[in-house]
Amino acid sequence: MTRTAIVTGAAQGIGAAIALRLAEDGMAVAAVDLTESACGDTAEAIRSRGGTAAAIGADVADESAVAAAVRRTVETVGAPTVLVNNAGVTRDNLVFKMTADDWDTVLSVHLRGSFLMARAVQEHMVAAGFGRIVNLSSMSALGNRGQANYSAAKAGLQGLTKTLALELGKFGVTANAVAPGFIETEMTRATARRMGLSFEELRRLAVAGIPVNRAGLPEDVAHLASFLASEQAGFVSGQVVYAAGGPAA
Ligand code: NAD
């Protein structure tokens, strides 16, 4: 049977790679990002490969926008039973310079956004007796200089993931977190610009600490998300899997 997946933050980077991969796996995909036009290319790429996709604009931190996005998913590509909470932002600063707005923005998108999406989608998962929730955590959950807001959000997502696994397991729903290390995307490019480094310099510094001696690519994360979203992964739940080219230190 064709499953329907919602992938948030699917306009670019890791979210786009996950959306394409889940479509390749045979799922219909709702690609959600801040605006419909932003995720149009991802939906079009899926359709051009013979898949089924909708581009849906929604701010995941906005309760009514989330409800509308899930309704539109049901109407256009079917009731969702797979959810990948990938939308994310950074507002890095050392804690003494971090504004309350920087804190609220990051916590809102990652944590409130993932909660709102999971709460809206679980209804369809419970009705189907099947569901897969994959939340994007990060190596930064272990603590990262300049990222008090982001590391708190990413650690919080691990707690949310485990609780979703506990509450929804009996309905055939699993919830797991993927925690990437350094992945080449616009997010890490923006980090390089903020630090006054070229992307190549930042990547070289990052790779120096990665046992497999390379930076991660969005497809590395998509491959893991594909497994966790698969039918066969039903006995893996409440886990945090680091995709960081080595053990998370
Ligand atoms: P990215 O900045 O390239 O893409 C993030 C996407 O999320 C963008 O398309 C953006 O428009 C969207 N988005 C932001 N706020 C949103 C909102 N309120 N509603 C809907 N969409 C919104 O980032 P990426 O590197 O692809 O990261 C994807 C996820 O992976 C994020 O959760 C990020 O924290 C996490 N992550 C990334 C890395 C990395 O090294 N790149 C490492 C660990 C975790």
Side-chain angles (χ1 to χ4, degrees), residues 6-21 30-43 55-66 68-70 73 83-92 104-117 120 134-144 147 149-158 160-161 177-195 199 202-203 205-207 209-210 214-222 224-225 240-245 248:
I6 293 182
V7 182
T8 70
Q12 62 184 35
I14 294 170
I18 293 174
L20 286 162
R21 175 59 191 266
V32 174
D33 211 293
L34 282 168
T35 62
E36 185 174 326
S37 61
C39 42
D41 285 354
T42 302
I56 298 175
D59 175 348
V60 297
D62 177 334
E63 189 171 17
S64 57
V66 165
V70 174
T73 301
L83 169 65
V84 181
N85 281 314
N86 166 85
V89 291
T90 53
R91 296 284 185 278
D92 296 355
D104 290 344
T105 299
V106 170
L107 272 285
S108 278
V109 175
H110 294 269
L111 263 187
R112 180 181 156 89
S114 299
F115 155 67
L116 290 174
M117 287 295 317
V134 179
N135 294 324
L136 266 289
S137 179
S138 167
M139 190 107 137
S140 298
L142 303 169
N144 198 25
Q147 291 197 313
N149 47 4
Y150 185 82
S151 62
K154 292 309 200 184
L157 274 169
Q158 298 188 7
L160 173 65
T161 301
V178 170
F182 185 92
I183 309 293
E184 293 187 24
T185 68
E186 185 45 40
M187 188 177 272
T188 40
R189 285 179 195 282
T191 303
R193 286 195 292 275
R194 209 167 31 246
M195 295 171 76
F199 184 66
L202 179 65
R203 181 174 48 197
L205 290 172
V207 168
I210 299 175
R214 70 168 174 89
L217 297 173
E219 291 70 25
D220 290 311
V221 183
L224 179 54
V240 179
V241 186
Y242 285 86

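If you read the sequence from its start, that first residue is 1, and numbering goes on from there. Counting starts at 1 for both ligands and their atoms, following the listed order. Because the structure is a prediction, the values reported are computed rather than measured. Because only heavy atoms are used, hydrogens play no part in the values below, and waters and symmetry mates are left out as well, while side chains stay in.
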Task: Atom-level proximity to ligand 1, residues with heavy atom under 4.0 Å - done: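 Within 4.0 Å of ligand 1, protein side: Gly9, Ala11, Gln12, Gly13, Ile14, Asp33, Leu34, Ala58, Asp59, Val60, Asn86, Ala87, Gly88, Val89, Val109, His110, Leu136, Ser137, Ser138, Tyr150, Lys154, Pro180, Gly181, Phe182, Ile183, Thr185, Glu186, Met187, Thr188.
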
- [ ] Check each of Leu20, Ile183, Ile18 against Pro218 using the side-chain contact (heavy atoms from CB on, under 4.5 Å) test, and report the only one that passes.
- [x]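 One option only clears the test, and that one is Ile183.
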
Task: Residues that Thr73 engages under side-chain hydrogen bond (donor to acceptor under 3.5 Å, both in side chains), provided they are two or more places apart - done: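 Listed in chain order: nothing, the list is empty.
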
TODO: Identify whether the distance between the nearest side-chain nitrogen and carboxylate oxygen of Arg193 and Glu186 falls below 4.0 Å.
DONE: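 Looking at Glu186 together with Arg193, the answer is yes, because their closest N to O distance falls below 4.0 Å.
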
- [ ] List the steps, then state whether side chain to side chain donor-acceptor pair (under 3.5 Å) holds for Asn135 with Ser137.
- [x] CA-CA 6 Å; Asn135 294 324; Ser137 179; over 6 Å; no

Open item on the list: Checking Val70 against Met117 for the side-chain contact (heavy atoms from CB on, under 4.5 Å) test, could you report, in this order, the C-alpha distance in whole Å, the side-chain angles of both residues, the deciding distance, and whether it holds?
Closed with: CA-CA 8 Å; Val70 174; Met117 287 295 317; 4.1 Å; yes

- [ ] Please work out whether the ring planes of His110 and Tyr150 are parallel, tilted or perpendicular, with thresholds of 30° and 60°.
- [x]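 If you compare the ring of His110 with that of Tyr150, the planes turn out perpendicular.
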
